[in-house]
Number of protein chains: 2
Amino acid sequence: MKPETGTQHGSSRRRLLNAAKDLLWRQGYEKTSPQDVLTLSGVGKGSLYHHFPGKLDLARAALEEVSAELTEKSLSLLSGDDPPLERLRRWLMTPRDGLMGCRIGRLANESAVFEAALHDPIADYFRALEQRVTAVIAEAVETGHLPDSLPPVETARALMSVVQGGYILSRVHQDPTLCTNACRGAMAMLEALAGSRSAP
Amino acid sequence: MKPETGTQHGSSRRRLLNAAKDLLWRQGYEKTSPQDVLTLSGVGKGSLYHHFPGKLDLARAALEEVSAELTEKSLSLLSGDDPPLERLRRWLMTPRDGLMGCRIGRLANESAVFEAALHDPIADYFRALEQRVTAVIAEAVETGHLPDSLPPVETARALMSVVQGGYILSRVHQDPTLCTNACRGAMAMLEALAGSRSAP
DNA sequence: GTCTATACGGAGATAGAC
DNA sequence: GTCTATCTCCGTATAGAC
C-alpha cells in the first residue's frame, strides 16, 4: 500500500497532487488557484513549478488519478455474480455526496475542459462507465430481467445522466438527499419495468 | 412586443442584461468578467456600475430573466389537452443544444451559486419545473397511463436529472447528440412502462 | 447616463538563493 | 528539490469629467 495518501504527507509532488485532487473536487478548475493548492498542501511555489510546467498540467495529472480511481470503483460496483438488476441497483444507489458533485462530471461546464488537456481523463471515465452500464443492461434484457424494447446504450446514458443530473438538483437546492432521490426514481422505473416483464 | 431584444440594441441597461444573459450561458458566472460584458454589449464601464452595484447584481438580474423565460417555456411544453405521456414526451424531447448546457443548471457547480444571491432565480426554476413534471406524472399514474408503483416526485426528479445530466454527457464528449440520446433513453423507459400497463 | 482614467488585489508564472 | 522575492497582467471597482 502507498503511505502517501493524505494531503500533508509524502513528497511534495504527492502532496501537490492530493491537494489538487481535493480542490478540483470542491471548487473546480477555474476557481482553484495555484496559491490554493500551495496553502492546502503546505508546499512552496517553487516546488509546484519544478514538478509541473503549470496549473493545467498539475490539474491534468490530478484528474488522471481521479478518473482511474472513479473508474475502478464504478466498474467494481457493476461487477459480481448477482443478477444484472442487482448490480445496477448497487451502482445507482451507492451513497453519494450530493453537495460535492461528481469528482469528474463536476468539471464538464468549465471552458478549460471543453477546449484543452483536461478533456481526456474526463472522457475516459465516462466512456468506461458507459460501456459497462450498457453491458449490464444488455445482459438484463437478454436474460429477461428487462423488456427488450429498451435500447441498452440509450438507457445506459439515461441512467448515467440521472446520477450526474441528481448532483445538480442537490447543488441547486442545497439538499444532499435530492441526488439519492433522483436515483431512487430511476431505480423505481427499472423495478417497474422488471416487474412488468414477467406478466405477459 | 419589446423591441429591445438583441445584444446591440436598446438602452444601456438592456444591452448589459442581454450580454450578461448570453455570457452566463456560454461561460458561466465566474468565467465572465465585467469587461466581457462591456465588450459584447458595446457599453462603457461607467454605465455598468451606474445601473448595477456590481457584477453579482447584474448577474442576478440577468438570471431572474432567464429563469422566468425558461420556466414559461418548460411549463408551456408540459401543458395541453393531450395525454400526459404525450406532454412528457414533448418536454423531454424538445430540441436542446447539448454543448451549451442548460442556461440555469449550467451554473449549479459555481461557488457563487452555492453561497450567494444567484441561488434564488436558479432554485425557482427547478422548483417550478419539478412541481409541474410531478403533476403530469401523477396524472399519468391516476389515468392508468403509467403503473402506480412509480413515485411521482422521485420519477420527476429522475427525469429532470436526465435532462441536466444529458447536457453533461454532451459537454464531456463534445457531442451535441448525447443529451438528446439520454432523453430518448428515458423516454424509452416511460414508453415501455406505459406499454406494460395494459397487459395485466 | 455615459465615458475614460486610475487604483488595488490576486492569478499565474519566473528568478535565483539555499 | 524547495523556498522567497519579484514580475506582469487582468478582474473588479472607483473617481470624476462630459
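In what follows, chains are A, B, ... by sequence order, proteins preceding strands, each numbered from 1.
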Positions of residues 22-31 of chain B (non-hydrogen atom under 4.0 Å from DNA chain C), listed by number: none
Integer-rounded Å distance: C:dG12 P and A:Leu58 CG: 12 Å
Residues in salt bridge (charged side-chain N to carboxylate O under 4.0 Å, His left out) contact with A:Arg171, at least two apart in sequence or another chain: none
Separation of atom NE2 in B:His50 from atom P in D:dA17, rounded to whole Å: 18 Å
Residue pairs, two or more places apart or on separate chains, that pass salt bridge (Lys or Arg N to Asp or Glu O under 4.0 Å) and touch residues 59-71 of chain B: B:Arg14-B:Glu65, B:Lys21-B:Glu65, B:Lys21-B:Glu69, B:Arg60-B:Glu64, B:Arg60-B:Asp120, B:Glu69-B:Arg103
Whole-Å gap separating P (D:dA5) and CD (A:Gln35): 13 Å
Set of residues satisfying side-chain hydrogen bond (donor to acceptor under 3.5 Å, both in side chains) with respect to B:Asp97, sequence neighbours excluded: none
Residues forming a salt bridge (charged side-chain N to carboxylate O under 4.0 Å, His left out) with B:Glu142, sequence neighbours excluded: none
Set of residues satisfying salt bridge (charged side-chain N to carboxylate O under 4.0 Å, His left out) with respect to B:Glu30, sequence neighbours excluded: none
Whole angstrom value for the distance that separates P of D:dG1 from CZ of A:Phe52: 13 Å
Spacing between B:Arg14 atom CZ and C:dT2 atom P, to the nearest angstrom: 13 Å
Please tabulate, for side-chain N and O atoms in residues 43-58 of chain B, each donor-acceptor pair with protein atoms closer than 3.5 Å (sequence neighbours left out).
{"unit_1": "B:Lys55", "atom_1": "NZ", "unit_2": "B:Tyr29", "atom_2": "O", "d": "3.0"}
{"unit_1": "B:Lys55", "atom_1": "NZ", "unit_2": "B:Thr32", "atom_2": "O", "d": "2.8"}
{"unit_1": "B:Asp57", "atom_1": "OD1", "unit_2": "B:Gly54", "atom_2": "N", "d": "3.3"}

OP1 or OP2 of D:dA13 under 4.0 Å from side-chain N/O of B:Tyr49: yes
Nearest-0.5 Å distance, CG of residue A:Leu146 to CG of residue A:Leu85: 4.5 Å
Any B:His51 side-chain N or O less than 4.0 Å from OP1/OP2 of C:dT2: yes
Residue list, salt bridge (charged side-chain N to carboxylate O under 4.0 Å, His left out) with B:Glu154, at least two apart or on another chain: none
Separation of atom CG in B:Leu48 from atom P in C:dG1, rounded to whole Å: 15 Å
Tabulated below should be each protein N or O lying under 3.5 Å from an N or O of nucleotides 3-10 of chain C; please produce it.
{"unit_1": "C:dC3", "atom_1": "OP2", "unit_2": "B:Gly44", "atom_2": "N", "d": "2.4"}
{"unit_1": "C:dC3", "atom_1": "OP2", "unit_2": "B:Ser47", "atom_2": "OG", "d": "3.1"}

Electrostatic pair A:Glu110-B:Lys31, nearest N-O below 4.0 angstrom: no
Rounded interatomic separation in angstrom, taking CG from A:Asp57 and P from C:dA13: 8 Å
